[in-house]
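In what follows, a single structure is set out as structure tokens and then discussed.
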There are 2 protein chains.
Amino acid sequence: MNVVNESPRRKELTRLAAQLFVQEGFDRTTVRMLAQEMGIKSGSLFHHFRDKQEILAAVIEEGTQNALMLARQALDECGGSASERLHAMARAHLETLLTDRNAHVVALYEWRRLDAAARDHLSHLRDAYEELWEQVIDEALEAGLVHGDRFLVSRFVMGALNWTVRWYDPEGPRKPEDLAHELVAMIAPSTHSQPGQSTKV
Amino acid sequence: MNVVNESPRRKELTRLAAQLFVQEGFDRTTVRMLAQEMGIKSGSLFHHFRDKQEILAAVIEEGTQNALMLARQALDECGGSASERLHAMARAHLETLLTDRNAHVVALYEWRRLDAAARDHLSHLRDAYEELWEQVIDEALEAGLVHGDRFLVSRFVMGALNWTVRWYDPEGPRKPEDLAHELVAMIAPSTHSQPGQSTKV
DNA sequence: GTCTATAGCGGGATAGAC
DNA sequence: GTCTATCCCGCTATAGAC
């Protein structure tokens, strides 16, 4: 459905929609606001999307797919130690959340506003991303880096990261990488990150 | 403004509103839904509240005040060790979020929907609650229980806790107390909780 | 304190010209 | 692919009777 419909125009409109959804929330964002941001009239919007719901679905698909891609890439590029992988994953997650401040945030914070059909269509994507997290957490548990229940630890870690959206100041001194480092230090304090990736601040 | 207006009737209506705001979100909750839940017609609502905004403000004030009260009480009743206090705080926080599932959740998740005046009026309450957290985190840092930056640690911990709202299943086997215990174990693994409070599961 | 009735507005979405 | 024009609906809030 969406895979076919990937015109560059639509992608650009999706990007702009993501920005507004983050600023205002999905419910408060009107189709007229969306149209204005896109430089067209509200009627024209429905040439690209069937309805407002479909815009949300497009944003969330884009955001999750992007996060998944960047996370896999980060894991491929980092060293193989459990600690390095945990750090790489946290860093990738925070960068998709805090640097672009768009589609991934919408995916996390507006998921409930998807209708049943869209949730159904997108849940496997979300699950794939969460499984990647659980896998990295598993490795950390096996390495003795962290202790506790796999399910709970991954949800606590994701919660700590996802909540940064609420208080992080992009103009402040801390970069997403710094936050990732501090989080790993908090839950796995005995770890010394390998050189080659400057995780020490 | 609100302190004067604390009729039992209004408190009850506020309680019902909180429930709907959690289920549907503030924006999706209509005054007609609120009225129906309260057993009156929508017009009658405005005898108790000036407008929809004021209902939200009442819920958030109630939720934060309640959380603050219960947190202080929990700290008073627990032992004095940094680990016990951290655990008590986390437990109180989770119980206000997950057991009642109402006003405190709204305070956390719908804060942005408050207008400027209400935010101004309520921010000192929210700040008092966050300062209580930072104080407990400070004690944990000084006791060597946890390591890191005071600001970041408290935000990470609160994030992990606040995000539980998204995945916690009240019908499941885990109680808020169990979650609190697991979180403390995750960030301060070397700690052995004092007896007298069964924190071990 | 609650009701009925309704004003007044802004929302999502459509139709057909260009 | 975008425009104008507009339908229709549901929302918040008000007025005045009871």
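Note that these values count all heavy atoms, side chains included, but never hydrogens, waters or copies made by symmetry. Naming convention: chains lettered A, B, ... in sequence-line order (proteins, then strands); numbering from 1 in each chain.
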Compare every heavy atom of B:H48 with every heavy atom of B:R10, then report the nearest pair and how far apart it is. NH1-O, 3.1 Å
Main chain of B:N102, side chain of B:D100: is a donor-acceptor contact present, judged purely on distance under 3.5 Å? no
Which heavy atom in B:L161 sits nearest to a heavy atom in B:H93, and how many Å separate them? CB-CD2, 3.7 Å
Taking all non-hydrogen atoms of both residues into account, name the closest pair between B:L16 and B:E37 and its distance. CD1-O, 3.8 Å
Using atom CG of B:D27 as one end and atom C1' of D:dC11 as the other, report the distance to the nearest whole Å. 12 Å
My understanding is that only residues two or more places apart in sequence, or in another chain, count here; which of them pass side-chain contact (heavy atoms from CB on, under 4.5 Å) with B:D51? B:Q53, B:E54
Between A:N66 (side chain only) and A:E62 (backbone N and O only), is there a donor and an acceptor less than 3.5 Å apart? no
Along DNA chain C, first and last positions that approach a heavy atom of chain B under 4.0 Å: C:dG1 to C:dT4
Between atom CD in B:E24 and atom C1' in D:dC11, what is the gap in whole Å? 15 Å
Name every residue in residues 32-45 of chain B that has at least one heavy atom under 4.0 Å from any atom of DNA chain D, in order of residue number, or write none if there are no such residues. B:R32, B:G43
A:W163/B:Y109 under ring pair (Phe, Tyr, Trp, His ring centres under 6.0 Å): CA gap, chis, key distance, verdict: CA-CA 11 Å; A:W163 200 256; B:Y109 281 88; 5.5 Å; yes
DNA chain D nearest-nucleotide lookup for A:H47 and B:F46: closer to the 5′ end is A:H47
Tell me if the CD atom of B:Q36 is crowded by more than 12 foreign heavy atoms within 6.0 Å. no
